[in-house]
Amino acid sequence: MAATEPHADPRTTPVRLDGPVPEGDEILTPLYTTEQHETWKLLYARQRLLLPGRADDDYLAGLARMQFPDDRIPSLRDCSATLTRATGWRVARVPGLLREEDFFACLARRVFPSTDYIRSRAEMDYTPAPDLFHDVFGHMPMITHRAFADFYQRLGAAALAARGDDRRRLERFYWFTVEFGLIRTQRGLRIYGNGILSSYAEVRHSLTDAVEKLPFDADRIAEQDYDVWHLQPLLFVIDSFEQLAHGFDHWARRRGLARPD
Ligand SMILES: [Fe+2]
């Protein structure tokens with residue numbers, strides 16, 4: 001990621017949802033230009049080349065399951081249908097970066113809010129606001145994974161209910177797991193964090209010795225600050241998604257942040 005100043009781009013200002021947004025079959029697909037489809041094609045091809053030996057197998061299985069077209073932008077409606085079949089999640093089409101309340105309220109309902117615009121050709125390596133390549137390619141494959149999808153909903157529900165410093169702790173948890181998590185496998189460290197997997201620079205950076213890697217520790221994560229504007233210098237490594245889910249649940253219960261089912 002390039003160093004860019006916070007809020008230098010109006011797209012980084014969260015939008016408030018004033019009413020229902022289209023979900024699942026209600027989502028209409030925009031008329032994308034040939035250049036926009038070509039941007040997806042380039043991003044998708046480049047990122048897929050990087051992933052073998054770096055991305056977690058569960059993410060790669062999810063990527064195969066999503067069956068994204070390689071030559072045009074996927075329709076959010078099709079993506080939603082795939083997620084629903086896999087884990088009962090749906091996609092909602094949202095106009096941009098959401099306010100935290102609205103974002104976590106979606107997750108708590110097993111709804112993934114996705115944008116449907118793609119970055120410009122000048123932003124291939126970095127975009128200050130998440131676009132559909134981040135939302136679709138980065139996030140959706142992991143939502144086909146049962147344990148991850150269930151954890152993701154519980155994280156959203158806990159964050160929705162939290163206030164003040166606890167909300168901030170859950171945002172950190174979100175950052176260091178959903179967006180920037182690593183996992184230890186029998187074949188070495190792999191990436192499952194969606195923010196890394198959708199970023200060309202972060203995929204190449206995150207497994208190198210330039211990054212300090214700490215074992216998963218919910219208490220430590222909850223207090224660990226981060227900077228969204230630079231390549232990440234510190235990441236946390238889980239041993240399994242079960243460890244992630246149990247570790248989160250235990251931590252959230254201990255702090256009174258877990259919602260009753
Ligand atoms: Fe994200």
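Everything numeric in this text was worked out from a predicted model, so none of it was measured.
- Atom CZ of Arg54 is surrounded by more than 12 heavy atoms from other residues, nucleotides or ligands within 6.0 Å.
- Checked against the 6.0 Å centroid threshold, Phe103 and Tyr174 count as a close aromatic pair.
- The ring of Phe236 has its center closer than 6.0 angstrom to the ring center of Phe176.
- Under the 3.5 Å distance criterion, the side-chain polar atoms of Arg99 are left unmatched by any main-chain donor or acceptor of Pro14.
- A salt bridge links Asp166 to Arg169: at least one charged side-chain nitrogen sits closer than 4.0 Å to a carboxylate oxygen.
- Residue Gly247 comes nearest to Phe216 through the heavy atom pair CA-CE2, 3.9 Å, listed as atom of the first residue, atom of the second, then distance.
- Under a 4.0 Å N-O distance rule, the pair Asp125/Arg46 qualifies as a salt bridge.
- A salt bridge links Arg154 with Asp249: the closest approach of a Lys/Arg side-chain nitrogen to an acidic carboxylate oxygen falls below 4.0 angstrom.
- Side-chain atoms of Thr208 come within 3.5 Å of backbone N or O of His205 as a donor-acceptor pair.
- Residues meeting the side chain to side chain contact (heavy atoms under 4.5 Å, CB included) test with Glu26, sequence neighbours left out: Pro22, Glu23.
- Looking only at atom types and distance, the side chain of Asp131 has no donor-acceptor partner in the side chain of Thr115 under 3.5 Å away.
- Remark: the backbone N or O of Ile27 is paired with a side-chain donor or acceptor of Arg77 at under 3.5 angstrom.
- Phe112 has its ring centre no less than 6.0 Å from the ring centre of Trp89.
- Side-chain atoms of Ser206 come within 3.5 Å of backbone N or O of Glu202 as a donor-acceptor pair.
- Comment: Asp58 does not engage Arg190 in a salt bridge, judged by the lack of any side-chain N to carboxylate O separation of less than 4.0 angstrom.
- With a 6.0 Å radius and a threshold of 12 heavy atoms from other residues, nucleotides or ligands, Arg168 has its CZ atom above the threshold.
- Considering all non-hydrogen atoms of both residues, Ser80 and Val91 come closest at OG-N, 2.9 Å.
- Scanning for side chain to side chain donor-acceptor pair (under 3.5 Å) contacts around Arg110 gives Asp150, Gln153, with sequence neighbours left out.
- For an aromatic pair to be called close, the ring centres must be under 6.0 Å apart, and Phe151 with Phe241 fails this.
- Pairing each heavy atom of Pro69 with each of Arg72, the nearest pair is CG-O, 3.3 Å.
- Within 6.0 Å of CG in Asp225 there are more than 12 heavy atoms belonging to other residues, nucleotides or ligands.
- Between Trp40 and Tyr32, a ring centre-to-centre spacing not shorter than 6.0 Å is recorded.
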